[in-house]
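A short write-up of the structure that comes next.
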Amino acid sequence: MRKSIWRLSLLLIVSILAACGSDDSSDEPDDKLEGKITVYAGSDEERAIETMNLFTEETGIEVDMVRLSAGEILSRVRAESANTQADVWFGGPAETFEVAKEEELLEPYVSPTSEYISDEYKDEEGYWTGMLVNPLGFVVNQNFLDANGLEAPTTWEDLLDPAYEGEIVMPHPASSGTAYTVLYNILQYFDNEEEAYEYLEALDGQVQQYTTSGVAPARMVGMEEAGAGILFYYNSVKSIEEGFDNLEPTVVDGAGYELFAVAKIADAPNPELAEAFIDWVLGPAGQEAAQDFGNYNNVTHPEAADAEQAIELSDYHLIDFDLSDAAESRDEIIQKWENEIYDQ
């Protein structure tokens, strides 16, 4: 009995001494990733900065972020394909990611987090995964509505009212992913292409300015530089939160939507860090990031919570987007629009 107690005491002493001698963590394997990645961000700047800061805070991985529109990111990734400069493409409509996929500018990565996301919100081969959903909408200045005795528009046809002549602002399809979604949406909304282009020609006569940024129309309308704008719904809500309380946003009846995506760029300089970023932003923390900075979009991860300002998408008539067709047709559609509508 005494021998057993003595042996137990000896083992306890040895264990304590071993623990005391293991203070130097350099002898322990450390699987934590460290370093810096470059992210091309297609979301608005405030939301992107907040997301990157939170990612760094939680993982220790630093981020060098470059804010560009989706069209600008696509052009830049194309130009850098022989010497890749960035690791991740974060934000912008999924159809633009589809274009990059077809041009072999993206590298497939099936994140473990993506298994929780519905198939309708991700590429089946893992080239991109959707994080957030944002329907197309209109935003109108309430003073403009009152002065013209109008109700807020909810259909594409509403924008052809004579009161809107020279009063509409929308982004340019060649530079903005938002605007290409608008263009493709209109082509899907009308019964045939001829009818759609007749509408686009009429709409062009109402447009005051085509902006390079998809978020600019809300602020221009808020400052009464224009009467109405076309953009994604939650960008209008964000502008209201910023103080433009004279704005009236609506969701378009028969609207398309942005599926805000993330992807690993082909030949990323820091592939493991890129994958760590994608894993994080697809999870609840990443999808809920920056909700205090205008990230009001509907989330795709079932365990993530929508922002308080989010709408119930099932309450609205949204059309199904064929992302593959939208991607394959992108250059052709934009070129035809520029030749037949914009350059007239």
Side-chain angles (χ1 to χ4, degrees), residues 32-70 73 86-94 96-97 109 111-118 121-122 128-135 177-178 213-215 218 231-242 257-265 268 270 272-311 313:
K32 185 176 181 180
L33 294 173
E34 296 180 347
K36 177 186 286 189
I37 57 171
T38 297
V39 175
Y40 289 162
S43 70
D44 59 275
E45 189 168 15
E46 284 183 333
R47 180 170 66 180
I49 290 173
E50 180 66 14
T51 301
M52 305 306 150
N53 287 343
L54 187 57
F55 169 72
T56 298
E57 180 182 319
E58 294 196 4
T59 67
I61 300 171
E62 298 180 20
V63 179
D64 183 10
M65 186 196 80
V66 181
R67 163 71 182 95
L68 300 164
S69 71
I73 293 175
D87 301 288
V88 175
W89 179 348
F90 169 80
T96 314
F97 285 74
Y109 172 59
S111 168
T113 317
S114 69
E115 71 174 275
Y116 301 101
I117 296 174
S118 174
Y121 296 136
K122 61 190 178 186
W128 55 264
T129 307
M131 297 174 52
L132 306 166
V133 179
N134 193 355
T178 302
S213 166
V215 301
L231 71 171
F232 289 121
Y233 175 79
Y234 288 118
N235 292 337
S236 299
V237 176
K238 180 175 184 289
S239 292
I240 294 172
E241 296 284 331
E242 291 173 343
Y257 56 87
E258 172 189 29
L259 179 56
F260 185 100
V262 63
K264 182 181 178 183
I265 297 173
N270 304 285
E272 289 188 353
L273 300 183
E275 292 172 3
F277 178 86
I278 292 171
D279 293 343
W280 184 84
V281 296
L282 289 178
Q287 293 203 9
E288 294 173 10
Q291 288 184 343
D292 292 336
F293 291 82
N295 180 17
Y296 305 145
N297 303 16
N298 296 82
V299 296
T300 62
H301 194 294
E303 295 181 10
D306 287 328
E308 292 181 7
Q309 297 87 343
I311 59 175
L313 291 179

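Treat the numbers as computed from the prediction; the structure is a model and nothing was measured.
Counting heavy-atom neighbours within 6.0 Å of Glu115 CD, excluding the residue itself, gives a total above 12. The environment of CD in Glu242 is crowded: more than 12 heavy-atom neighbours from other residues, nucleotides or ligands sit within 6.0 Å.
Taking each heavy atom of Pro135 and Ile311 in turn, the nearest pair found is CG-CD1, 4.2 Å. Nearest heavy atom pair, residue Gly92 against residue Ala70, reads CA-CB, 4.3 Å. Annotation for Leu231 and Ala218: closest pair CD1-CB, 3.7 Å, computed over non-hydrogen atoms. The minimum heavy-atom distance between Ala289 and Leu54, with the atom names listed, is CB-CD2, 4.0 Å. The shortest non-hydrogen separation linking Leu282 to Met131 is CD2-CG, 3.6 Å.
Distance OH/Tyr116 to NZ/Lys122: 11.0 Å, rounded to 0.5 Å. A distance of 10.5 Å separates CG of Asn270 from NZ of Lys36, quoted to the nearest 0.5 Å. Here OG of Ser213 is found 11.5 Å from CG of Leu68. Values are rounded to the nearest 0.5 Å. Here CD of Gln291 is found 11.0 Å from CD of Glu50. Values are rounded to the nearest 0.5 Å. To the nearest 0.5 angstrom, Glu275 atom CD is 4.5 Å from Tyr109 atom OH.
Under the 3.5 Å distance criterion, the side-chain polar atoms of Asp44 are matched with a main-chain donor or acceptor of Arg47. At least one donor-acceptor pair closer than 3.5 Å links the side chain of Ser114 to the backbone N or O of Ser111. Checked by atom type and distance alone, the side chain of Glu288 pairs as donor or acceptor with a backbone atom of Ala305 at under 3.5 Å. A donor-acceptor pair is defined here as one N or O able to donate and one able to accept, closer than 3.5 Å; such a pair exists between the side chain of Trp89 and the backbone of Gly91. When atom types are taken as modelled, the side chain of Gln287 and the backbone of His301 share a donor-acceptor pair closer than 3.5 angstrom. Within the 3.5 Å criterion, the main-chain N or O of Asn235 finds a donor-acceptor partner in the side chain of Ser239.
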Quick one: do Tyr296 and Glu308 satisfy side chain to side chain contact (heavy atoms under 4.5 Å, CB included)? Show the steps, please.
CA-CA 8 Å; Tyr296 305 145; Glu308 292 181 7; over 6 Å; no
Given side chain to side chain contact (heavy atoms under 4.5 Å, CB included), test Glu45 with Ile49 step by step and report yes or no.
CA-CA 6 Å; Glu45 189 168 15; Ile49 290 173; 3.6 Å; yes
After noting the C-alpha distance and the side-chain angles of Asp87 and Ile265, does the key distance pass the side chain to side chain contact (heavy atoms under 4.5 Å, CB included) rule?
CA-CA 5 Å; Asp87 301 288; Ile265 297 173; over 6 Å; no
Could you go step by step and tell me if Leu132 and Asn298 meet the side chain to side chain contact (heavy atoms under 4.5 Å, CB included) rule?
CA-CA 5 Å; Leu132 306 166; Asn298 296 82; over 6 Å; no
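Counting only heavy atoms from C-beta outward, the side chains of Phe260 and Thr300 never approach each other to under 4.5 Å. Within the 4.5 Å cutoff, side-chain heavy atoms of Lys238 are placed close to those of Glu46. Leu259 has its side chain within reach of Tyr121: a pair of non-hydrogen atoms, C-beta onward, lies under 4.5 Å apart. At a threshold of 4.5 Å between non-hydrogen side-chain atoms, the residues Leu313 and Val133 count as touching. The closest side-chain heavy-atom distance from Met52 to Phe277 is below 4.5 Å. Two residues are said to be in side-chain contact when any heavy atoms from C-beta on lie closer than 4.5 Å; Val262 and Val88 meet this criterion. Using a 4.5 Å heavy-atom cutoff, the side chains of Tyr40 and Phe90 are not in contact.
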List, one per line, each side-chain donor-acceptor pair under 3.5 Å for residues 58-66, sequence neighbours excluded.
| from | atom 1 | to | atom 2 | distance (Å) |
| --- | --- | --- | --- | --- |
| Glu58 | OE1 | Trp280 | NE1 | 2.9 |
| Thr59 | OG1 | Phe55 | O | 2.7 |
| Thr59 | OG1 | Ile61 | N | 3.2 |

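Defined by atom type and a distance below 3.5 Å, a donor-acceptor pair is missing between the side-chain atoms of Glu258 and Thr178. In this model, no donor atom of one side chain and acceptor atom of the other lie less than 3.5 Å apart for Asn297 and Tyr257. Residues Asn295 and Tyr234 have side chains that never bring a donor and an acceptor to within less than 3.5 angstrom of each other.
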